[in-house]
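All heavy atoms count here, side chains included; hydrogens, waters and symmetry mates do not. A quick note: this is a predicted structure, and the numbers were derived from the prediction, not measured.
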Amino acid sequence: MSQGNLGCVAVAVDGSDESMNALRWAMTNLKLRPQTPDSTTAGCFLILHVQSPPSIATGLNPGPIPFGGPSNLEVPAFAAAIEAHQKRITDSILDHALGICSEFNFTEKVRTHVVIGDPKEKICEAVQDQHADVLVMGSRAFGPIKRMFLGSVSNYCAHHAECPVIIIKGNDSVNKRN
């Protein structure tokens with residue numbers, strides 16, 4: 001096993017099989033910088049998850065109440081329930097990712113980072129803020145029509161991230177190595 005020189009490998013996970021396969025690929029193929037006596041920091045894997053804002057997650061934007069009334073009515077209990085639900089989803093995704101890390105005995109070399117917002121922009125911001133040496137992410141391989149309407153997070157990150165981006169496509173690229 002050769003020594004690596006990567007200080008921070010960011011892996012974007014969203015709960016999809018593709019993102020978890022990208023995590024497996026990173027753990028299998030990328031080598032972190034070891035901690036040496038003259039350095040205080042060893043390399044780490046950064047598990048990055050972007051949570052949607054509550055308004056996007058619900059898909060609801062209540063318009064004005066018919067026949068008058070306040071136009072920006074917020075129901076605190078509803079917003080709190082949505083936030084609690086999103087936290088459970090995020091915790092579940094991170095637990096799954098950390099389970100994969102433990103399969104590779106990398107638990108001490110792993111950090112998690114959760115941000116809220118648009119995945120395209122927040123992933124690029126996070127890799128810059130966390131000083132990632134490389135970003136690894138899965139690709140759902142949307143067709144041209146879906147990509148036109150939904151966009152491609154991996155494509156955006158490949159063009160806008162401040163570090164090299166490795167995009168893992170499908171299950172085959174992980175299974176061929178194992």
Connected via hydrophobic side-chain network under 4.5 Å: Val134 and Ile168
yes
Hey, does the side chain of His49 reach the backbone of Val114 with a donor-acceptor pair shorter than 3.5 angstrom?
no
Is a side-chain donor or acceptor of Asp133 paired with a backbone partner of Leu6 at a separation under 3.5 angstrom?
no
Taking all atoms of both residues into account, what is the closest heavy-atom pair of Arg111 and Cys8, and its distance?
NH2-SG, 4.1 Å
May I ask you to test the Met27-Val110 pair for a side-chain heavy-atom distance under 4.5 Å?
yes
Is there a side-chain contact between Leu23 and Phe45 (heavy atoms, below 4.5 Å)?
no
Qualifying residues under salt bridge (Lys or Arg N to Asp or Glu O under 4.0 Å), relative to Asp129, sequence neighbours excluded
none
Less than 4.5 Å apart, any side-chain heavy atom of His96 and any of Met20?
yes
N-O pairing of Lys87 and Asp91 below 4.0 Å:
yes
Side chain Ser16, main chain Ser19, donor-acceptor under 3.5 Å
yes
Taking side-chain contact (heavy atoms from CB on, under 4.5 Å) as the test, write out the residues that go with His131, two or more places apart.
none
Gln86 side chain vs Ser52 backbone, donor-acceptor pair below 3.5 Å
yes
